[in-house]
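Inspection log for the structure reproduced underneath, given as structure tokens.
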Amino acid sequence: MSIKVQEFHKDYERWAWQINNNISYAEDIKMFKLDAKNTSYIFGATDDGYLIHGYFGKKIEDGDLTYLLRLEENPWTLKTNARDKGTFMDAHAFEYPCHGTGDYREPCLIVMDDDGMTTTDLRYVSHKVYGGKPKLEGMPATFAAENKAETLEITCVDKHTGLEAVLVYTAFNDLDVITRSVRLKNNGKAPLNVKRVLSACVDFDNDNYDFITLNGSWARERVMERCRLHHGKQSIDSVKGESSHQNNPFMALVSHNADEDSGEAYGFNFVYSGNFFAQAEVTQHKYTRAVMGINHFDFNWLLEPGEEFVAPEVVMVYSSEGIGAMSRTFHDLYREHLIRGEYKDKRRPILINNWEATYFNFDTDKLIGIAKEASKLGIEMLVMDDGWFGHRDSDNSSLGDWFVYEKKIKGGLKYLVDEVNKLGMKFGIWFEPEMISPDSELYKAHPDWAIQVKGREMTMSREQYVLDYSNKEVRDYVYGMMRNILDSANIEYIKWDMNRQLTEVGSTSLPKNRQRELWHRYVLGVYDLMNRLTTDYPHILLENCSGGGARFDPGMLYYSPQIWCSDDTDAIERLKIQHGTSICYPVSAMGAHVSDCPNHTVGRTTPFSTRGNVAMVGTFGYELDVTRIPQEDRDAIPGQIAEFNKYNPIIRTGDQYRIGNVFEDNMWDAWIFVAKDKSEAVFTFVQVLGRPNYRNRRIKLKGLDPNAVYKNSETGECHSGSALMNAGIFVSTHGDFSSKVIHFIKMS
Ligand code: GLA
């Protein structure tokens, strides 16, 4: 690491920035400056060791930035006026606020000591800077090569208890991204109980923001909501054991005037798949405190002397060019620095999944029938969904019995897979590894393996319980069964489902004083198994799923390059779901299929072409009985596949610009994907409802090279990028739910 030293003089003091690649620090006065691509993040430590936040936003030059800490405007700055420390504590912008010493805003850390006291007071002790980014043990996190990012670790100590907290920051070179996580260690002599440990806090010194979150329910996940911040606390969370259908672990603070293309946006996304908490709090001084981390609700972690706890990572993205640029930064980050494995940069096989085609009513012959027809049309993989194991004919049994249901899978799994392979297709399979049905061999043998509170009724949901994944024995056993299946035939894809939330959260294998750790230990157990699976079977494509999209989060993306977006496959509902999801997740990760009509969830009938055009902005596949759909639809499939193949490289790897917004105007939607080198673009328009006596809609494209000339595949006309973006194109389609795709190719 080369260190440049920039020297300058302040009236009364001489000091210097030590400048590394992304991180500068001034040793004498303990100032830290993290520079990502066009972003700066600044904080410093007072003489007493309090970490004061200074700035987060558009990049600024090094220089005398001590004024940003606003210490001089506070006459009660600790050294000079200890008699009013309280005012200081409740007014200042802190990097990692603790509980109990006068900051009454939301704290990041509450630790109870052996005397039952909950006051915690962390002070700066030391720091180090190094290239690259560390792994988080046993947990997902973004990654970066040494020359792509730089990391700053700030070590703080609570002298009273001996608790050490290491605040870990990474700034990325080529992206406006700063990540944060926290490592706790009990260096004291007595046990500690961590009651809360959030991963990040940013104290903004104004309240001029709107709060954007992604909320919903089953079949309508990640609907974008935006509201003005107001005094008090606005929060979202999950207490369900997974990231949830209801709130995604994402929030953004954006300037009131921010839209897709302009204004400031700060996005926060939690790389975690369990209970989370995210909040923006407007305080008495009209500051805004944004915090994010593991939900402290029903959480406690015993930290014996010498033990460590690692809090997961928060990704923070800054954009000075609107919400669209914020989204594109998330997309680039996740495609390059989170998603892994063989399919990271590859087009995914076009699959056909039998769930909506057959539900539980299938057997070998039916599946082969579907595969035969599908293979003729160009579909590349058959996915056998729920119902192939134990004695499962409906959702009331057999979870945990991961052996083949011979009555349905006649001739065995290998026979079926071989037959499908003979058709030139790959084969994929569904598992729900975290679950156990009361009606199962597994439950008969190990009733204590289900999550439960002894002596209390166990709440059933979808007639199933959840396995205690904090228990390694349970995980090993389930994994053993999965391996038997995976080793028995040529399986090239897994859909990992999770169809219920946690209740009566107790473990028969944890001691009393560790029971409240189960929420988090459960998630760590899931990560452990996904890690084993993806390590042992690197060729298998893993798709996550949770009753549709209840676990669409960055934690899962670390293990699976794609996640089933929603059980709602209706093309019009998907406009909202996929728009909301794209706020922070790339379309390359969005499981999206063409299904049959009337749609099983909403009963709507949409044109087959629109279903294809919407699913194409995702992993693409089919979820229907291809032997039974109308001939006309079947005939359209090869053309749809050809289009998908043609456009997928741009859609999967290019820059996404949202043009329409179905949340604001429910009549239409549009988007464009532009190749990174701006040589071509794919534009999609969807008309929700047809309107009488309106002229063609003028739509302004985005993201093109203004000086280049592009050819419009629909009209054959050539226009400059500046004309297409500033003056727009005229688009018309006829009929409700109609749509079109236009390809723009750069001519010169
Ligand atoms: C969940 C999934 C569906 C399907 C069913 C099977 O609801 O989201 O796609 O796999 O489970 O039970």
Side-chain angles (χ1 to χ4, degrees), residues 216-222 240-246 248 273 348 351-362 366-367 370 381-402 405 408-409 427-437 439-440 460-466 482 485 491 493-501 541-553 556 560 562-570 573-574 577-578 581 589-596 599-602 611 615 618-625:
S217 183
W218 173 77
R220 51 184 166 79
E221 297 91 340
R222 291 172 300 288
K240 299 187 150 192
E242 61 174 352
S243 42
S244 90
H245 293 99
Q246 288 72 20
N248 196 262
S273 312
R348 317 290 156 68
L351 63 82
I352 185 159
N353 176 303
N354 75 308
W355 178 241
E356 284 195 27
T358 65
Y359 295 102
F360 292 101
N361 185 18
F362 65 88
K366 204 175 221 175
L367 292 177
I370 290 176
M381 178 160 75
L382 176 78
V383 175
M384 176 170 70
D385 211 279
D386 191 358
W388 58 266
F389 50 91
H391 58 277
R392 189 147 162 111
D393 288 313
S394 85
D395 62 10
N396 63 3
S397 83
S398 305
L399 294 166
D401 292 347
W402 301 111
Y405 189 9
K408 278 165 130 176
I409 311 304
F427 186 89
I429 197 165
W430 180 98
F431 282 103
E432 197 176 354
E434 297 153 70
M435 296 295 151
I436 180 164
S437 303
D439 177 8
S440 66
M460 269 209 286
S461 183
R462 214 191 190 212
E463 221 165 320
Q464 64 198 57
Y465 301 134
V466 183
M482 289 176 80
I485 293 293
I491 291 168
Y493 161 106
I494 292 174
K495 178 174 171 188
W496 178 312
D497 209 338
M498 195 261 193
N499 275 319
R500 66 154 287 181
Q501 294 72 41
L541 170 60
L542 181 63
E543 173 156 0
N544 257 284
C545 173
S546 177
R551 222 161 42 179
F552 206 118
D553 59 59
M556 286 291 125
S560 61
Q562 60 194 58
I563 304 175
W564 183 228
C565 227
S566 175
D567 278 344
D568 194 335
T569 51
D570 171 65
E573 283 298 301
R574 278 285 181 135
I577 296 168
Q578 293 179 194
T581 305
M590 291 185 206
H593 299 164
V594 175
S595 62
D596 202 5
N599 180 268
H600 295 195
T601 310
V602 294
R611 283 176 259 161
T619 55
F620 196 71
Y622 293 85
E623 181 134 352
L624 37 72
D625 186 345

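Because the structure is a prediction, the values reported are computed rather than measured. Along the sequence shown, the residues carry numbers beginning at 1. When a ligand or atom number is given, it counts from 1 through the structure's own listing order.
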So for ligand 1, is [X] a polar contact partner (N or O within less than 3.5 Å, distance only)?
| X | value |
| --- | --- |
| Arg462 | yes |
| Trp355 | no |
| Glu623 | no |
| Gly548 | yes |
| Asp567 | yes |

message: Applying a heavy-atom cut-off of 4.0 Å, say which part of Glu432 lies close to ligand 1: side chain, backbone, both or neither.
response: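 It is neither; nothing of Glu432 touches ligand 1.
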query: Between Asn499 and ligand 1, which residue portion shows a heavy-atom distance shorter than 4.0 Å: side chain, backbone, both, or neither?
result: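 Within the 4.0 Å criterion, Asn499 contacts ligand 1 through side-chain atoms alone.
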Taking atom types as modelled, is there a side-chain donor on [X] or [Y] under 3.5 Å from an acceptor on the other?
| X | Y | result |
| --- | --- | --- |
| Arg551 | Ser273 | no |
| Asp568 | Ser566 | no |
| Thr569 | Asn599 | yes |

message: Does Ile352 form a side-chain contact (heavy atoms from CB on, under 4.5 Å) with Ile370? I'd like the steps, not just the answer.
response: CA-CA 9 Å; Ile352 185 159; Ile370 290 176; 3.9 Å; yes
Nearest-neighbour protein heavy atom for [atom], which is reported as residue plus atom name and distance:
| atom | result |
| --- | --- |
| atom 11 (O) of ligand 1 | Asp497 OD2, 2.9 Å |
| atom 12 (O) of ligand 1 | Asp386 OD2, 2.6 Å |
| atom 9 (O) of ligand 1 | Lys495 NZ, 2.7 Å |
| atom 10 (O) of ligand 1 | Asp385 OD1, 2.7 Å |

- prompt: Shortest non-hydrogen contact from His600 to Tyr359?
  reply: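 Closest approach of His600 to Tyr359: ND1-OH, 2.6 Å.
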Distance-minimising heavy-atom pair for Ser440 and Ser398: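 Looks like CB-CA, 4.1 Å.
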message: Only heavy atoms of Cys545, strictly under 4.0 Å: list the atoms of ligand 1 that pass.
response: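 Heavy-atom distances to Cys545 below 4.0 Å select 2 (C), 8 (O).
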- request: Compute the centroid of each ring, for Trp355 and then for Phe362, and state whether the two points are separated by less than 6.0 Å.
  value: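 Aromatic pair excluded; centres sit 6.0 Å or further apart.
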query: Going from CD1 on Ile494 to OG on Ser560, what distance comes out if it is rounded to the nearest 0.5 angstrom?
result: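 So the gap between those two atoms works out to 11.0 Å.
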